[in-house]
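One structure is given below, encoded as structure tokens.
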There are 2 protein chains.
Amino acid sequence: MDGVPIDEIDRIILHLLQEDARRNTNAEISRQVSVSASTVGKRIARLEKEGILKGYRPEIDYERAGFPLQVLFVCTAPIAAREALATETLGVEGVLNVRELMTGEKNVHIQAVGASNEDITRIAHKLDEIGYSVADEILLRNEYSQPSVQFRPTTDGK
Amino acid sequence: MDGVPIDEIDRIILHLLQEDARRNTNAEISRQVSVSASTVGKRIARLEKEGILKGYRPEIDYERAGFPLQVLFVCTAPIAAREALATETLGVEGVLNVRELMTGEKNVHIQAVGASNEDITRIAHKLDEIGYSVADEILLRNEYSQPSVQFRPTTDGK
DNA sequence: GCTGAAAGCCCAAGGTT
DNA sequence: AACCTTGGGCTTTCAGC
């Protein structure tokens with residue numbers, strides 16, 4: 001499954017995809033790395049097959065897109081049901097992201113967006129219905145994501 | 001800046017980009033919506049210019065990519081410095097994501113990955129150095145993201 | 001495992017309605 | 001605004017190394 005850890009070339013490919021996964025074409029990447037475009041394509045296919053690359057998503061400014069309310073629900077879920085719940089949670093309209101924490105009583109963080117308070121209330125009810133206990137409901141002020149994590153493991157990648 | 005709110009066609013474009021921002025080309029999108037490929041391209045350019053589309057990122061399984069440790073740092077930052085800090089935080093190697101909360105004393109959540117405990121310790125020190133008070137450090141068990149949020153605002157998109 | 005070439009497909013620009 | 005055309009560029013596949 002993950003016999004080959006990923007080498008220097010893979011790391012550069014991942015890095016360039018992180019910068020712009022839509023515009024950085026195989027051909028463009030091949031120019032910044034000393035392999036051909038078809039090799040870049042094959043390596044990306046391999047990274048996808050191994051589950052390292054799981055998809056390509058646009059980053060959206062939800063506020064400007066008509067969803068001004070961003071909320072973080074801090075929840076408690078029975079440990080046993082946690083994984084099953086997480087999947088179901090993504091089915092709730094407005095939910096963007098679910099994080100399961102290893103420790104602590106409040107062990108699940110759910111990020112959601114809505115166009116109005118009505119939406120947020122509906123989501124909260126839904127979460128309760130699914131089986132969460134919603135401990136806290138915090139408005140998000142801003143979110144920043146890393147455009148480009150450095151791909152240089154301390155184990156120097158051998 | 002955001003005079004035109006975004007119509008039904010824009011919403012379908014965003015939806016298809018959310019499913020696969022790399023493979024769903026303008027031409028492919030034009031087939032699923034009754035406009036030409038060049039119109040799709042121009043609408044995407046407009047959405048980018050208005051800041052609704054902010055980038056295209058690969059979703060990476062960091063664990064398989066050699067970063068088995070995922071941590072959530074729950075921090076407190078002086079309200080005034082919060083925004084400036086957030087930007088600086090993204091510069092710390094290993095940091096993936098920063099969320100600013102509107103309320104509560106622990107007002108910033110920072111998500112980071114590392115190859116070893118050493119990395120995590122280094123990040124924690126760095127956050128402290130930058131000016132955060134790190135209140136909690138929780139191992140993340142799993143994270144799920146929404147592949148595709150339904151783009152239908154309750155205001156029915158006029 | 002990588003390369004290179006060819007066929008088919010895609011994109012961006014400019015002109016038209 | 002949206003459309004069409006078109007030249008240049010891209011992706012994919014496959015033979016060959």
Side-chain angles (χ1 to χ4, degrees), chain A residues 1-60 64-66 148 151 153 156-158, chain B residues 1-60 64-66 148 151-153 155-158:
Chain A
M1 184 65 83
D2 49 76
V4 190
I6 86 180
D7 64 10
E8 184 61 23
I9 293 175
D10 290 327
R11 246 174 274 130
I12 299 176
I13 290 173
L14 289 172
H15 181 87
L16 292 171
L17 286 176
Q18 280 183 318
E19 287 185 345
D20 190 335
R22 191 171 165 86
R23 303 279 151 71
N24 276 336
T25 62
N26 296 352
E28 179 62 31
I29 292 169
S30 81
R31 269 172 229 122
Q32 311 206 30
V33 119
S34 46
V35 294
S36 70
S38 61
T39 297
V40 172
K42 279 180 193 164
R43 277 175 176 258
I44 289 178
R46 183 178 67 86
L47 291 168
E48 289 172 348
K49 207 182 61 191
E50 287 182 358
I52 291 173
L53 276 171
K54 294 193 294 181
Y56 307 92
R57 304 264 145 73
E59 196 180 343
I60 292 176
R64 296 191 199 204
S148 179
F151 266 98
D156 95 341
K158 163 48 228 309
Chain B
M1 181 68 81
D2 50 75
V4 189
I6 85 178
D7 64 10
E8 183 62 22
I9 292 174
D10 290 327
R11 246 173 274 131
I12 298 175
I13 291 172
L14 290 173
H15 180 87
L16 291 171
L17 287 176
Q18 281 183 317
E19 286 185 346
D20 190 335
R22 190 170 165 87
R23 304 278 151 72
N24 275 336
T25 62
N26 296 352
E28 180 60 33
I29 292 169
S30 81
R31 270 172 228 122
Q32 310 205 30
V33 116
S34 45
V35 295
S36 71
S38 63
T39 298
V40 172
K42 281 177 189 165
R43 277 175 177 259
I44 288 177
R46 184 178 64 86
L47 291 169
E48 289 172 349
K49 207 182 61 193
E50 287 182 359
I52 292 174
L53 277 172
K54 294 192 292 181
Y56 308 92
R57 302 273 156 71
E59 195 179 342
I60 292 175
R64 297 190 197 203
S148 177
F151 266 98
R152 358 183 189 108
T155 56
D156 96 338
K158 164 48 235 304

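All heavy atoms count here, side chains included; hydrogens, waters and symmetry mates do not.
- The side-chain heavy atoms of Val33(A) and Thr39(A), taken from C-beta on, include no pair separated by under 4.5 Å.
- Remark on DNA chain C: of its neighbouring residues Ala37(A) and Arg23(A), the 5'-side contact belongs to Ala37(A), judged by nearest-heavy-atom nucleotide.
- Between Arg23(A) and Glu48(B), the shortest heavy-atom distance links the atoms NH2-OE2, 2.7 Å.
- Taking only side-chain nitrogens and oxygens, Thr39(A) comes nearer than 4.0 Å to OP1 or OP2 of dT3(C).
- Rounded to an integer number of Å, the gap from CD1 of Ile29(B) to C1' of dC10(C) is 12 Å.
- Atom CG in Asp20(A) sits roughly 15 Å away from atom C1' in dC11(C) (whole-Å rounding).
- Each of Arg31(B) and Arg43(A) lies near DNA chain C, and the nucleotide nearest Arg43(A) is the one positioned closer to the 5' end.
- Side-chain to base pairing of Thr25(A) with dG9(D): no donor and acceptor N or O lie closer than 3.5 Å to each other.
- Summarising the geometry, the separation between CD on Glu48(A) and C1' on dT11(D) is reported as 13 Å, rounded to the nearest angstrom.
- Protein atom CD1 of Ile44(A) is 13 Å distant from nucleotide atom P of dC2(C), rounded to whole Å.
- Shown here for Ile44(B) and Arg22(A), the closest heavy-atom pair between the two residues is CD1-NH2, 3.7 Å.
- Rounded to whole Å, atom P of dC11(C) lies 10 Å from atom CG of Asn24(B).
- Atom CD in Glu28(B) sits about 10 Å away from atom P in dC11(C), given to the nearest Å.
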Next item on the list: Might you work through the side chain to side chain contact (heavy atoms under 4.5 Å, CB included) test for Leu14(B) and Leu53(B), ending with a clear yes or no?
Entry: CA-CA 8 Å; Leu14(B) 290 173; Leu53(B) 277 172; 3.8 Å; yes

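- Gln18(B) and Pro58(A) make their closest contact through CA-CD, 3.5 Å (heavy atoms, listed as atom of the first residue, atom of the second, distance).
- With dC10(D), dT3(C), dC11(C) as the choices, the nucleotide that has an atom nearest any side-chain atom of Ala27(B) turns out to be dC11(C).
- Atom CG of Asn26(A) and atom P of dA5(C) are 18 Å apart (whole Å).
- One cannot find a donor-acceptor pair under 3.5 Å joining the base of dT11(D) and the side-chain atoms of Lys42(A).
- Atom C1' of nucleotide dC10(C) and atom CZ of Arg22(B) are separated by 14 Å, given to the nearest angstrom.
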